Amino acid sequence: MLKGPTFRFKTGRVVEIEHSSGRIGYLIAHFNKPRYGAFFTLVTRTFPSPFPANRIHELQSCPTTTIGLNTYQLLSTKDDLTFRHKCDLTDYSASEPAFWTGMVEYFITIHRPDGTEERRKTNLSENDWETEMERQGIIQKVLWLPKSIGAFLFDGVPLRWTAHKRY
């Protein structure tokens with residue numbers, strides 16, 4: 001059995017995502033929390049061709065969101081997507097966002113960058129709760145799979161758990 005390269009988390013490490021259509025997307029390693037996992041800055045637009053390594057810093061001015069991502073066998077080809085290490089941004093820094101976990105039907109916990117946590121109950125639907133959290137800039141802590149990131153970037157599937165979950 002052949003095994004691909006292993007992704008080693010380092011803040012500023014850039015992963016290039018190539019779709020079979022030729023379009024390109026980018027992830028930048030953002031922060032790693034022992035209890036919560038690896039978070040990445042996901043550039044939310046795609047490009048018709050790869051950025052040259054000497055211009056990769058320009059990605060920092062593009063629209064982005066922060067995501068939690070499963071890094072197991074991240075650098076590989078899966079279906080229509082190829083993930084590869086592009087380069088490292090040595091001076092990369094981005095602010096850590098607040099994120100939320102839990103089930104809307106019971107309670108959710110909001111985790112703040114300073115380490116504080118707030119528990120909330122709500123009577124909103126799951127869709128309305130996701131909308132409200134997006135409005136406040138609080139990201140949902142979902143361990144996204146690479147195929148979900150590809151569906152968001154290249155197929156226009158919203159990056160919401162309600163759009164990706166399967167029962």
Side-chain angles (χ1 to χ4, degrees), residues 1-33 36-101 126-127 129-167:
M1 171 190 264
L2 295 174
K3 186 177 178 185
T6 300
F7 180 82
R8 299 204 191 290
F9 193 94
K10 176 182 175 187
T11 299
R13 183 147 289 168
V14 179
V15 175
E16 187 172 74
I17 308 165
E18 183 178 357
H19 188 261
S20 60
S21 68
R23 291 181 296 163
I24 305 292
Y26 290 95
L27 291 162
I28 305 169
H30 188 147
F31 65 95
N32 200 2
K33 284 193 172 281
Y36 301 108
F39 286 78
F40 289 77
T41 298
L42 172 63
V43 177
T44 57
R45 63 176 277 213
T46 61
F47 303 89
S49 60
F51 264 74
N54 65 347
R55 290 186 47 218
I56 208 78
H57 65 280
E58 294 174 21
L59 291 174
Q60 295 176 82
S61 63
C62 294
T64 63
T65 190
T66 302
I67 60 164
L69 183 65
N70 183 345
T71 60
Y72 178 70
Q73 293 185 337
L74 176 62
L75 303 180
S76 63
T77 297
K78 295 179 176 117
D79 300 320
D80 291 338
L81 303 171
T82 298
F83 292 77
R84 63 181 152 264
H85 175 213
K86 175 76 173 185
C87 62
D88 294 338
L89 293 169
T90 56
D91 60 346
Y92 182 75
S93 67
S95 59
E96 184 180 323
F99 59 94
W100 67 275
T101 58
E126 194 171 27
N127 280 323
W129 180 258
E130 287 176 323
T131 300
E132 178 59 21
M133 290 292 95
E134 286 173 5
R135 188 188 67 72
Q136 292 183 34
I138 301 173
I139 65 165
Q140 187 175 10
K141 169 57 175 96
V142 172
L143 187 60
W144 294 108
L145 297 172
K147 68 180 179 179
S148 298
I149 300 309
F152 167 72
L153 285 175
F154 305 110
D155 301 328
V157 178
L159 198 56
R160 287 181 159 198
W161 179 241
T162 53
H164 291 269
K165 70 180 181 180
R166 302 284 185 253
Y167 293 103

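The shown structure was predicted, so the numbers you read here are calculated from the model rather than taken from an experiment.
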Mutual orientation of the aromatic rings belonging to Phe7 and Phe40 [parallel < 30°, tilted 30-60°, perpendicular > 60°]: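 Phe7 and Phe40: tilted rings.
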Kindly assign one of parallel, tilted or perpendicular to the pair His30 and Tyr92, based on the angle between their ring planes and the thresholds 30° and 60°.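 His30 vs Tyr92 ring planes: perpendicular.
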Where is the tightest heavy-atom contact between [X] and [Y], given as atom of each residue plus distance?
{"X": "Leu159", "Y": "Ser148", "value": "CD1-O, 4.5 Å"}
{"X": "Leu153", "Y": "Gly25", "value": "CD1-CA, 4.1 Å"}
{"X": "Pro158", "Y": "Phe152", "value": "C-CD1, 4.2 Å"}
{"X": "Arg13", "Y": "Arg8", "value": "NH1-O, 2.8 Å"}
{"X": "Gly37", "Y": "Asn32", "value": "O-OD1, 3.0 Å"}
{"X": "Glu18", "Y": "Ile24", "value": "CG-CD1, 3.6 Å"}

[atom1]/[X] to [atom2]/[Y] distance, rounded to the nearest 0.5 angstrom?
{"X": "Leu27", "Y": "Thr64", "atom1": "CG", "atom2": "OG1", "result": "11.0 Å"}
{"X": "Leu143", "Y": "Ile67", "atom1": "CG", "atom2": "CD1", "result": "10.0 Å"}
{"X": "Phe31", "Y": "Thr41", "atom1": "CZ", "atom2": "OG1", "result": "8.5 Å"}
{"X": "Trp144", "Y": "Ile149", "atom1": "CH2", "atom2": "CD1", "result": "7.0 Å"}
{"X": "Thr90", "Y": "His57", "atom1": "OG1", "atom2": "NE2", "result": "11.0 Å"}
{"X": "Ile138", "Y": "Phe99", "atom1": "CD1", "atom2": "CZ", "result": "11.0 Å"}

Would you call [X] and [Y] a side-chain contact if the rule is heavy atoms closer than 4.5 Å?
{"X": "His19", "Y": "Leu81", "value": "yes"}
{"X": "Gln73", "Y": "Phe83", "value": "no"}
{"X": "Glu130", "Y": "Met133", "value": "no"}
{"X": "Leu89", "Y": "Val14", "value": "yes"}

Salt bridge flag under 4.0 Å for residues Asp79 and Lys147: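 Looking at Asp79 and Lys147, the cut-off is not met.
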What do the steps show when you test Leu145 against Lys78 for side-chain contact (heavy atoms from CB on, under 4.5 Å), and what is the final call? CA-CA 11 Å; Leu145 297 172; Lys78 295 179 176 117; over 6 Å; no
Audit row: Leu59, Phe47, side-chain contact (heavy atoms from CB on, under 4.5 Å) steps and yes/no: CA-CA 11 Å; Leu59 291 174; Phe47 303 89; 3.9 Å; yes
Would you confirm whether Tyr26, through its side chain, and Phe51, through its main-chain N or O, come within 3.5 Å as a donor-acceptor pair?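 The answer is yes, because a donor-acceptor pair under 3.5 Å joins these two groups.
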Using modelled atom types and a 3.5 Å cut-off, is there a donor and acceptor pairing between side-chain atoms of Asn70 and backbone atoms of Tyr72?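 Between the backbone of Tyr72 and the side chain of Asn70 there is a qualifying donor-acceptor contact (under 3.5 Å).
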Can you list the steps and then say if Asp80 with Phe154 is a side-chain contact (heavy atoms from CB on, under 4.5 Å)? CA-CA 10 Å; Asp80 291 338; Phe154 305 110; over 6 Å; no
